[in-house]
Amino acid sequence: MQAGPNRDDYVRWRREVIARGEYGKNIHELNGRTIMMQHHPMKDGGWVTTHEDITEQRQHEERIRHLARHDALTQLPNRVQFLEEMAAAEPGLARGEHIAVLCIDLDHFKSVNDTLGHSLGDKLLQQVSARLWGATRENDLLARLGGDEFALLLRGVDNPAEAAAIAERIVKAMANPFTIDGHQLVIGTSVGIAMAPQDGDTSEILMKNADLALYKAKNEGRSTYHFFESGMDAAIQKRRTIEAGLRLALAKGELRLVFQPLVGLKENRITCLEALLRWDTADRGTISPTEFIPIAEETGLIVAIGEWVLREACRTAAGWPSDVRVAVNLSPVQFKNKRLFETVEAALRDTGLAPTRLELEITESLLLSDNEPTLKTLHKLRALGVRISMDDFGTGYSSLSYLRSFPFDKIKIDRSFMRDLKAKGDSLAIIKAVIGLGQSLGMSTTAEGIETEEQLAAVRDQGCNEVQGFLFSPPISAEAVTDMLAGQAGASRRRLHRVS
Ligand code: C2E
Ligand code: MG
Ligand code: MG
């Protein structure tokens, strides 16, 4: 029964309430206000009704309810509401309904936030939300889960192609630059997709699987989407274990360097040793750098690890005869760090190693993008006296323009050419061409992966300057290097074929 919109209605209604002997609380909407009435019959037969305008209190409660379920920055539903609606969709799955869950994560948000500040980061998130929202459909639920993480619930999607089309639309929409406070920002987005019921029938499993698919999309180079696949769990779990272990490896002293000799063919002695990382874990034995360096690069851990490698290599080499150099591998990610030059300089200064005794090995991939700052750092390092080598030459684009873009001191010919020397005639032709190129550009050449006398003879014939490979020695400990160099000094006159 309503209290009525006008005075007469109200009086009539009040009489009826009294006649029925009703008491207690009643809430009424009257002329746009919310009124709470409390009816109290008195002992003497009288009647008291209190009227309280609770409009503001109601609005306040409504606001709190809204805040609890929405993200304050973007006004999108938050994780609480998203999970509520996911849970609400669960019973439908049992009845054969279909949904898709998309986990959406920005690719380079952290660096924007760190370099340009949080207020700009907030504005970016607002624009991102608007753009994401624009890519969704009427019935979809877009939520911000926190940070730069968003989620999208697609209802009534029974075909993966539909979910893929939306994911693709999102990735595309986000690939365009954002303009904020005069800054052009390119961030990009990765998306992981789980379909229900096939990829799970509870919110929890679906969210976890969409997240695993997202992780995969990130590892596939970002700005892409990926569907959940069975088996992903185990593979990603392994990666995550490596990632977590690697974070602690430095502090726990689990990293160590081994050194592999590079033999000068004219000098007929060890001219240089390449420092190679090893990671000794308690539970999984020694892990190869080919397995953990990519993860260290993706997580940015390579910066701290690389600095440790530099210092450790310089410190070790400082104890060697002064005509023996040390080579250190640098990852392209280390060049993104603006302090790389200072790090190298400090490592040399603190260990007392002459800059001319340090060789830094880089790969072609470093020169693929963002050339300018990289070349500047390389020139600065070279001006210091440090030598720069092009590692694994022949495996990437092998563009001659890379060799022309910087005066490398050394080209290291990838070991895949030595492996194919016998089987493929063109390998020898390529080795020959690279050595000739090095000679005319004033760069020395090193053949990697020399395992047989035959290979040695072939590269020697072509005029290669230096060789590295199991024929001479595998990578060995720092102690073994000391012994080997001492032996070399004693036998300096002897022709050096096999050092180990
Ligand atoms: P790389 O720089 O090309 O190093 C040479 C790799 O070839 C080493 O593998 C070495 O053990 C292997 N090798 C040497 N001689 C032979 C041979 O005769 N036959 C064959 N089959 N292999 C030979 P390793 O130590 O497993 O390192 C693999 C890669 O990991 C390195 O390739 C380098 O790219 C990377 N790496 C190692 N240490 C570091 C580091 O401290 N920092 C960075 N950024 N990368 C590193
Ligand atoms: Mg190398
Ligand atoms: Mg190499």
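The chain is numbered in sequence order, starting from 1. Every heavy atom of this structure was used, including side-chain atoms; hydrogens, water molecules and symmetry mates were not. Indexing begins at 1, ligand by ligand and atom by atom, following the structure's order.
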Taking atom types as modelled and ignoring hydrogens, do the side chains of D107 and S190 form a donor-acceptor contact shorter than 3.5 angstrom?
yes
Applying a heavy-atom cut-off of 4.0 Å, say which part of D391 lies close to ligand 1: side chain, backbone, both or neither.
side chain
Any nitrogen or oxygen of R415 lying under 3.5 Å from a nitrogen or oxygen in ligand 1? Just yes or no.
yes
Could you check atom 31 (C) of ligand 1 against the protein and tell me its nearest heavy-atom contact, residue, atom and distance included?
L276 CD2, 4.2 Å
Quick test: of every protein heavy atom, which one is nearest to atom 15 (N) of ligand 1, and how far off is it to 0.1 Å?
Q260 NE2, 2.9 Å
Write out the residue and atom name of the closest protein heavy atom to atom 21 (N) of ligand 1, then the distance separating them to 0.1 Å.
E451 OE2, 3.2 Å
May I ask whether G306 places a heavy atom under 4.0 Å from ligand 1?
no
Atoms of ligand 1 under 4.0 Å from any heavy atom of G469, numbered from 1 in the order shown, are 15 (N), 18 (O)
Are there any protein N/O/S atoms under 2.8 Å from the Mg ion (ligand 3), and if so, which?
D391 OD1, D392 OD1, E448 OE2
Check ion pair E298-R239 (N to O, under 4.0 angstrom)
yes
Could you list the donor-acceptor pairs under 3.5 angstrom formed by side chains in residues 340-350, with sequence neighbours left out?
from, atom 1, to, atom 2, distance (Å)
T343, OG1, R339, O, 2.8
D350, OD2, R311, NH1, 3.1
D350, OD2, R311, NH2, 3.0

Please list the nearest protein heavy atom to atom 24 (P) of ligand 1 with its residue and the distance rounded to 0.1 Å.
P289 CG, 3.8 Å
Check: F406 ring centroid to H379 ring centroid under 6.0 Å:
yes
Should the proximity of V258 to ligand 1, defined as any heavy atom under 4.0 Å, be assigned to the side chain, the backbone, both, or neither?
neither
Using a 4.0 Å heavy-atom cut-off, which part of P475 comes near ligand 1: side chain, backbone, both, or neither?
side chain
Quick one: look up the protein heavy atom nearest atom 29 (C) of ligand 1 and list residue, atom name and how far away it is.
T290 CG2, 4.1 Å
Heavy-atom gap E274 to ligand 1 smaller than 4.0 Å
yes
Atoms in ligand 1 with a heavy atom of G449 nearer than 4.0 Å
16 (C), 17 (C), 18 (O)
Q127 (side chain) donor-acceptor with T179 (main chain) under 3.5 angstrom
yes
Are K410 and E466 within salt-bridge range, i.e. N to O under 4.0 Å?
yes
Is there a nitrogen or oxygen of R278 sitting under 3.5 Å from a nitrogen or oxygen of ligand 1?
yes
For atom 3 (O) of ligand 1, find the nearest protein heavy atom and state the residue, atom name and distance (0.1 Å precision).
D392 OD1, 3.0 Å
Less than 4.0 Å from atom 41 (O) of ligand 1, is there any heavy atom belonging to the protein?
yes
Per-residue contact class, N329 against ligand 1 - non-hydrogen pairs under 4.0 Å:
both
What are the atoms of ligand 1, with element, lying closer than 4.0 Å to any heavy atom of E448?
3 (O)
Can a salt bridge be assigned to the pair R247 and E243 using a cut-off of 4.0 Å between side-chain N and carboxylate O?
yes
Can you tell me if D391 and T363 form a side-chain donor-acceptor pair at under 3.5 Å?
no
Is a side-chain donor-acceptor pair under 3.5 Å present for S331 with E297?
yes
Answer with yes or no whether M418 contacts ligand 1, where contact means a heavy atom under 4.0 Å from a ligand atom.
no
At a 4.0 Å threshold, what atoms of ligand 1 neighbour a non-hydrogen atom of V309?
41 (O)
Backbone N/O of I388 and side chain of D409: donor-acceptor pair under 3.5 Å:
yes
Nearest-neighbour protein heavy atom for atom 38 (N) of ligand 1, which is reported as residue plus atom name and distance:
L277 N, 3.1 Å
So for ligand 1, is Q334 a polar contact partner (N or O within less than 3.5 Å, distance only)?
no
Report the residue from L276, V326, I270 that forms a side-chain contact (heavy atoms from CB on, under 4.5 Å) with F259.
V326
Do the side chains of D392 and R415 get close enough for a salt bridge, i.e. N-O under 4.0 angstrom?
no
Looking only at protein heavy atoms, which one is nearest to atom 18 (O) of ligand 1, and how far off is it?
F470 N, 2.9 Å
Any chance NZ of K432 has more than 12 other-residue heavy atoms, nucleotides or ligands included, within less than 6.0 Å?
no
